[in-house]
S.K.: 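Submitted below is the structure of interest, expressed as structure tokens.
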Amino acid sequence: MKPLLAFVFGLVFGCGILISGMGNPAKVLNFFDIAGTWDPSLAFVMGGALVVTAIGYSLVFRMGRPLLANAFSLPTKTDLDVRLIGGSVVFGTGWALTGFCPGGLVPVLGLGTAPIVTGAAILAGILAARWMIQLSYRKTAAEA
């Protein structure tokens, strides 16, 4: 049942990405081009996503536990560190340069309209991040 629901939720997410224009790199790049052909409509997409997320979180947390798990899995870390800020900078830079974030790229790759190089670069970044995380865990374990 979980894989089927994951597929349905992913399909809804992908359709939302495409309908909102987040799969169009020109729309995203124009959002970042404040001095040129600025297109503020992406701010409304992101604002709408924040409203839906806030409502969703408030409803879900009233349930006590998730429908498909025994407990909520929430981050416990609240401090800003070099990894969080550095990752955000790399993510934002990649998004601004290509017009694609991973969430917007996956549905577009499925349509065959995105450059494969962009997908390969995002995959390489994900693999590099995992490798660096594993190295930091090994270093931490060795110091303990």
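Residues take their numbers from the sequence shown, with the count starting at 1.
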S.K.: Output the rest of the hydrophobic cluster of V51: all Ile, Leu, Val, Met, Phe, Trp and Tyr residues reachable through side-chain heavy-atom contacts under 4.5 Å, sorted by chain and number.
M.R.: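 Answer for V51: I55, L59.
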S.K.: Quick check: closest heavy atoms across A43 and F31, and the distance to 0.1 Å?
M.R.: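 Shortest heavy-atom separation between A43 and F31 comes out as N-CE1, 3.7 Å.
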S.K.: State plainly whether one hydrophobic cluster holds both I34 and F32, where clusters connect Ile, Leu, Val, Met, Phe, Trp and Tyr through side-chain heavy atoms under 4.5 angstrom apart.
M.R.: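 Yes, it is one cluster - the side chains of I34 and F32 are joined through contacts under 4.5 Å.
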S.K.: Taking side-chain hydrogen bond (donor to acceptor under 3.5 Å, both in side chains) as the cut-off, I'd like each qualifying pair that reaches into residues 58-85, sequence neighbours left out, listed once.
M.R.: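 Residue pairs passing side-chain hydrogen bond (donor to acceptor under 3.5 Å, both in side chains), neighbours aside: K77-D81.
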S.K.: Are M46 and W38 connected in a single hydrophobic cluster, I mean Ile/Leu/Val/Met/Phe/Trp/Tyr linked by side-chain heavy atoms less than 4.5 Å apart?
M.R.: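 Both belong to a single hydrophobic cluster.
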S.K.: Side-chain polar contacts of residues 6-22 - donor-acceptor pairs under 3.5 angstrom, sequence neighbours left out - could you list them?
M.R.:
residue, atom, partner, partner atom, Å
S20, OG, G16, O, 3.0
S20, OG, I17, O, 3.0
S20, OG, M22, N, 3.4

S.K.: Would you compute the distance between atom CE of M1 and atom CG of L4 and round it to the nearest 0.5 angstrom?
M.R.: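 If we round to the nearest 0.5 Å, M1:CE and L4:CG are 6.5 Å apart.
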S.K.: Quick one: salt bridge (Lys or Arg N to Asp or Glu O under 4.0 Å) partners of D33, sequence neighbours excluded?
M.R.: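 Result, salt bridge (Lys or Arg N to Asp or Glu O under 4.0 Å) vs D33: none returned.
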S.K.: Just grab all the side-chain hydrogen bond (donor to acceptor under 3.5 Å, both in side chains) pairs involving residues 86-95, residues at least two apart or on different chains.
M.R.: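 Checked against side-chain hydrogen bond (donor to acceptor under 3.5 Å, both in side chains) - neighbours excluded - no pair reaches residues 86-95.
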S.K.: Listed by chain and number, what are the side chain to side chain contact (heavy atoms under 4.5 Å, CB included) partners of L50, not counting sequence neighbours?
M.R.: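 With sequence neighbours excluded, L50 shows a side chain to side chain contact (heavy atoms under 4.5 Å, CB included) to no residue whatsoever.
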S.K.: Using the side chain to side chain contact (heavy atoms under 4.5 Å, CB included) criterion, which residues pair with L68? Sequence neighbours excluded.
M.R.: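 Side chain to side chain contact (heavy atoms under 4.5 Å, CB included) check on L68 returns K2, L5.
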S.K.: My understanding is that only residues two or more places apart in sequence, or in another chain, count here; which of them pass side chain to side chain contact (heavy atoms under 4.5 Å, CB included) with I126?
M.R.: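 I122, R130.
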S.K.: What pairs of residues pass the salt bridge (charged side-chain N to carboxylate O under 4.0 Å, His left out) test when at least one of them lies in residues 6-30, not counting sequence neighbours?
M.R.: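 Sorted result for residues 6-30: K27-D39.
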S.K.: Using the ring-ring contact (aromatic ring centres under 6.0 Å, His included) criterion, which residues pair with Y57? Sequence neighbours excluded.
M.R.: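 With sequence neighbours excluded, Y57 shows a ring-ring contact (aromatic ring centres under 6.0 Å, His included) to F61, given in chain and number order.
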S.K.: Strictly by salt bridge (charged side-chain N to carboxylate O under 4.0 Å, His left out), give each pair with a member in residues 115-127 just once, sequence neighbours left out.
M.R.: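 Output for this query is empty, none listed.
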S.K.: Test question: given the 4.5 Å side-chain rule for I, L, V, M, F, W and Y, name all other residues clustered with L97, or answer none.
M.R.: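 For L97, no cluster forms, as it stays isolated from other hydrophobic side chains.
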